[in-house]
2 protein chains.
Amino acid sequence: MSTKEEKFNNYLRAKGLKFTPERKIILQEVFSLRKHFNADQLFEKLHKKNRQISRATVYRSLPLLVESGLIVETLRCQSKVSYEQIFGHKHHDHLVCIKCGRIIEFRNEKIEKLQEEVCKEHNFKAVEHRLGIRGYCSRCLSRANKKSS
Amino acid sequence: MSTKEEKFNNYLRAKGLKFTPERKIILQEVFSLRKHFNADQLFEKLHKKNRQISRATVYRSLPLLVESGLIVETLRCQSKVSYEQIFGHKHHDHLVCIKCGRIIEFRNEKIEKLQEEVCKEHNFKAVEHRLGIRGYCSRCLSRANKKSS
DNA sequence: CCTTTGTTGCGACTGTGTCTCAATTGCAAT
DNA sequence: ATTGCAATTGAGACACAGTCGCAACAAAGG
Ligand SMILES: [Mn+2]
Ligand SMILES: [Mn+2]
Ligand SMILES: [Zn+2]
Ligand SMILES: [Zn+2]
């Protein structure tokens, strides 16, 4: 279980599904994309590269990639579900600039630990979590300062 | 600025908007509803009570209530935006059971503080944040245990 | 009373995401 | 290699939350 292809294949086989050429291409493309992407961005990218894969197939494949543990659903940007790779990346949370859209990733062990404690207190078995902090990034703040001075 | 009516009215006036009868009714209904609700639930409730308020008006009013600081957009449950009151309630985060849908609210000061630190490190000015932990609640876990024994 | 500006309801529209279905493919057993 | 069969695909229709355009309406001020 070292490469992403193997991992995806194993997942599919275990569920009686097939590692089709379409799924192979989608897998490749997902991992050549920038970190945060959504279904239609992926579809567009494939379309431009003349890989004839239907929109339905793209939409159908993403949940499989999530289930197999290769990608994860992250933020919802303006009503679109956004994904990012987790194979080879470790978990992190996000700061999202509501002015320029910049996404800053961070990881804070203490917060992660405290979440575990909260779950224990409530006898809750966590599967995943998402922490998103929305506000203004440093660039947007300094630009705002320059203007007002 | 004590009652929610005053707060909403102040917000509206300040923006040159009006505290219309429809908005008054919507405000009342929002605060008589259970904590987490979405736009169409609110519309249905009003409809059943024979308050003739159009769907568009409901959808147009919710962002105003958010802007005025009376409610907040929380989780997105199955592609629907979900809101909850914050006037008279303090901020908290959520444990969401992916089996039964139960929502458990919690507040952890340490996590809140650590988030502030993270923001400071990145020169990020937070406006709001959302932490949602998805998993299995105590009830669903104990039911699963009973079955397997 | 008249004008201005915001508001409402209605229904048409948009955009994500899902589903149906006939045709095709992959795969394993003959 | 051939067959049988479930899984898969593409195309387009569909579902549905949310938005928009517009004409009629209401509040407020002169
Ligand atoms: Mn990320
Ligand atoms: Mn809550
Ligand atoms: Zn920014
Ligand atoms: Zn539960």
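A note on names: the letters A, B, ... follow the listed sequences, proteins ahead of strands, and every chain is numbered from 1.
- For A:Thr20, the listed nucleotide lying nearest its side chain is D:dT9; candidates were C:dG17, C:dT8, D:dT9.
- In this structure, the NZ atom of A:Lys80 is 4 Å from the P atom of C:dT16, given to the nearest Å.
- Put simply, CZ on A:Phe43 is 14 Å from P on D:dT9, counting in whole angstrom units.
- Between B:Arg107 and B:Glu109, at least one side-chain nitrogen of the basic residue sits less than 4.0 Å from a carboxylate oxygen of the acidic one, meeting the salt-bridge criterion.
- Atom CZ in A:Arg23 sits about 12 Å away from atom C1' in C:dT25, given to the nearest Å.
- Distances were taken from every side-chain heavy atom of B:Ile53 (C-beta onward) to each of C:dG9, D:dG18, C:dT16; the shortest belongs to C:dG9.
- Here the nucleotide nearest the side chain of A:Ala56, chosen from D:dA27, C:dG9, D:dA11, is D:dA11.
- Going from atom CZ of B:Arg60 over to atom C1' of D:dC22 covers 11 Å, rounded to whole Å.
- Screening B:Arg55, B:Lys45, B:Lys80 for a salt bridge (Lys or Arg N to Asp or Glu O under 4.0 Å) involving B:Asp40 leaves a single residue, B:Arg55.
- A cation-pi arrangement, defined by a distance under 6.0 Å to the six-membered ring centre and an angle within 45 degrees of its axis, is absent between A:Lys7 and A:Phe87.
- Between B:Arg55 and B:Gly16, the residue anchored nearer the 5' end of DNA chain C, judged by the nucleotide with its closest heavy atom, is B:Gly16.
- As rounded to whole Å, 9 Å separates atom C1' of D:dC16 from atom CG of B:Asp40.
- A:Tyr59 has a side-chain polar atom (N or O) that falls below the 4.0 Å cut-off from OP1 or OP2 of C:dG17.
- Atom-to-atom, CD of A:Gln41 to C1' of C:dG17 comes out at 15 Å; the value is rounded to the nearest Å.
- In terms of position on DNA chain D, the residue among A:Glu22 and B:Arg13 whose nearest nucleotide sits closer to the 5' end is A:Glu22.
- A salt bridge links A:Lys35 to A:Glu105: one of the charged nitrogens lies within less than 4.0 Å of a carboxylate oxygen.
- Atom NE2 in A:His47 sits about 10 Å away from atom P in D:dA11, given to the nearest Å.
- If you take CD on B:Glu117 and NE2 on B:His122, they are separated by 12.5 Å, rounding to the nearest 0.5 Å.
- As rounded to whole Å, 14 Å separates atom P of C:dT4 from atom NZ of B:Lys18.
- The side chain of B:Leu17 lies closest to C:dT7 when the candidates are D:dA6, C:dT7, D:dA17.
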